[in-house]
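Below, read A as the first sequence line, B as the second, and so on, with proteins coming before strands; counting in each chain starts at 1.
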Protein chains: 2
Amino acid sequence: MQIAIALYERFTALDAVGPFQTLAGLPDAEVVFVAEQAGPVHDDTGHLTLVAEKTFDEVSSPDIVVVPGGPGQSDQMENEALLGWLRTADATSTWTTSVCTGSLALAAAGLLEGRQATSHWLALEELDKVGVRSTGQRVVFDGKYVTAAGVSSGIDMGLALVGRIAGEERAQAVQLMMEYDPQPPYDAGSPEKAPAHLVEMFRDLNRFSDEEQEQPA
Amino acid sequence: MQIAIALYERFTALDAVGPFQTLAGLPDAEVVFVAEQAGPVHDDTGHLTLVAEKTFDEVSSPDIVVVPGGPGQSDQMENEALLGWLRTADATSTWTTSVCTGSLALAAAGLLEGRQATSHWLALEELDKVGVRSTGQRVVFDGKYVTAAGVSSGIDMGLALVGRIAGEERAQAVQLMMEYDPQPPYDAGSPEKAPAHLVEMFRDLNRFSDEEQEQPA
């Protein structure tokens, strides 16, 4: 059971490590971090460095594909190294998955057309614009395509996938050993639950950043 | 605000990345991964490699100390490189924290004597044996010492700490952007909630591994 997690500069660390920590609990799991070039890849804070053990070319037919999101995803939307690999790997994968804005990369590779999927709450509109039917759900299964909402939702996706693949008891064992009995000290984890002024602030910042990206370089 | 996260061979990845992803949301956060030697450090699966940017000696007075847990922690209980650094860093830290069996390392460094603390549910008895008063809580504050239960609990600890340091609104903003609105597909995240036979199986495996460690090499 080979699980390939794609890395690129300015990915979000927990987007990758949530699915990693859960899917590593599959029987005979062999998780491999892959990137355009093997070696260190930096997260979006610049303070965390994960090592890609293999290049995309070296891992062409994983059983499970995982694409994390993060601010760096916007630089990947026309990067044929990643998009081409996603298409190749998807051709033989059992499951093709994403966390957060990773679903925009799957869409850019042409893999989500007409499908239901999800993404970070700030990216749902963008997902709709590229021909995907976004849902507000935290984890969305559509055939072999599994997408998760923002950052931390990759943990829920990973556990759900362990259950589908190896059965409920295995998933419960993984959950128990990682003591995943969440008790957030606040209840602000979605735009429906968070204070409205925070939601508005992030929507404004997001609009500003979209506009910036539309300026010529 | 310097946050130092200690790494050692066979740490558990999410133990380190949960606090990382939350504490990185503090104002002016500078998170640095530290280890006995700078460079790649492997997690307990052998499939994930995080890079320690600095040696312990190079980061002697962080504001926040974080020690993750993992199977490799048992090799650290007499490693003066880590334990000495914990004592040095703790002398001037504002907060000294751990996730999972990281609390056993804090205890081995002599920092938790007579205090309340927590750890992975399988390690609570061991914590009691070394003079710490274990609690079944997910996150325990005792003065400046903050300990979290198993693996995923470091996310809750990190958010609680962001709230204490930078206020509720900042913590809510961090929670919203990481979309931490957990929806585990199963309810097996603690020994009280998981099927009894799974709890018993892991307790037995744990006893077996304790006995193995007591054999002469």
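- When the candidates A:Ile155, A:Leu122, A:Val139, A:Asp187 are compared by the number of heavy-atom contacts under 4.5 Å with chain B, A:Asp187 comes out ahead.
- A heavy-atom distance below 4.5 Å is not found between the side chains of A:Ser152 and B:Pro182.
- Formation of a donor-acceptor pair under 3.5 Å by the A:His120 side chain with backbone atoms of B:Met177 is found in this model.
- By the 4.5 Å heavy-atom criterion applied to side chains, B:Val32 and A:His47 are not counted as neighbours.
- In terms of the side chain to side chain donor-acceptor pair (under 3.5 Å) criterion, residue partners of B:Glu192 (sequence neighbours excluded) are, by chain and number, B:Ser190.
- Between the side chain of A:Trp121 and the backbone N or O of B:Leu176 there is at least one donor-acceptor pair closer than 3.5 Å.
- When the heavy atoms of residues 4-16 of chain A are compared with those of chain B, the residues falling under 4.5 Å are A:Thr12, A:Ala13, A:Leu14, listed by number.
- Contact detail for B:Leu159 and A:Pro185: the closest heavy-atom pair is CB-CG, 3.8 Å.
- Residues B:Leu48 and A:Val51 are not in side-chain contact: their nearest non-hydrogen atoms beyond the backbone lie 4.5 Å or more apart.
- For B:Val174, no part lies near chain A; criterion is any non-hydrogen pair under 4.5 Å.
- Between the side chain of B:Gln175 and the backbone N or O of A:Tyr186, at least one donor-acceptor pair lies under 3.5 Å.
- By number of non-hydrogen pairs under 4.5 angstrom with chain B, the leading residue of A:Gln172, A:Arg138, A:Met178 is A:Arg138.
- Contact annotation for B:Ala160: both backbone and side-chain heavy atoms come within less than 4.5 Å of a heavy atom of chain A.
- With respect to A:Lys193 and B:Asp181, a salt bridge is recorded, a charged nitrogen being found less than 4.0 Å from a carboxylate O.
- Looking only at side-chain heavy atoms (C-beta outward), A:Leu50 and B:Thr49 stay at 4.5 Å or farther from each other.
- Between B:Glu169 and A:His197, some side-chain heavy-atom pair lies under the 4.5 Å cut-off.
- Looking at A:Ala24, only its side chain comes within 4.5 Å of chain B, counting heavy atoms on both sides.
- By the 6.0 Å contact criterion, NZ on B:Lys144 is enclosed, its count of non-hydrogen atoms from other residues, nucleotides or ligands being greater than 12.
- Of the inter-residue distances, the one linking A:Asp43 atom CG with B:Gln21 atom CD reads 7.0 Å to the nearest 0.5 angstrom.
- Both the backbone and the side chain of B:Tyr180 come within less than 4.5 Å of a heavy atom in chain A.
- Side-chain contact between B:Phe20 and A:Val17 is absent, with no heavy-atom pair separated by less than 4.5 Å.
- Residue B:Glu58 qualifies as enclosed at atom CD: its count of foreign heavy atoms under 6.0 Å is above 12.
- Using modelled atom types, no side-chain atom of B:Glu179 and backbone atom of A:Ser153 make a donor-acceptor pair closer than 3.5 Å.
- For A:Glu53, the part lying near chain B is the side chain, with the backbone staying farther off; criterion is any non-hydrogen pair under 4.5 Å.
- Here A:Pro195 is the residue among A:Pro195, A:Ala29, A:Pro40 with the most heavy-atom pairs under 4.5 Å with chain B.
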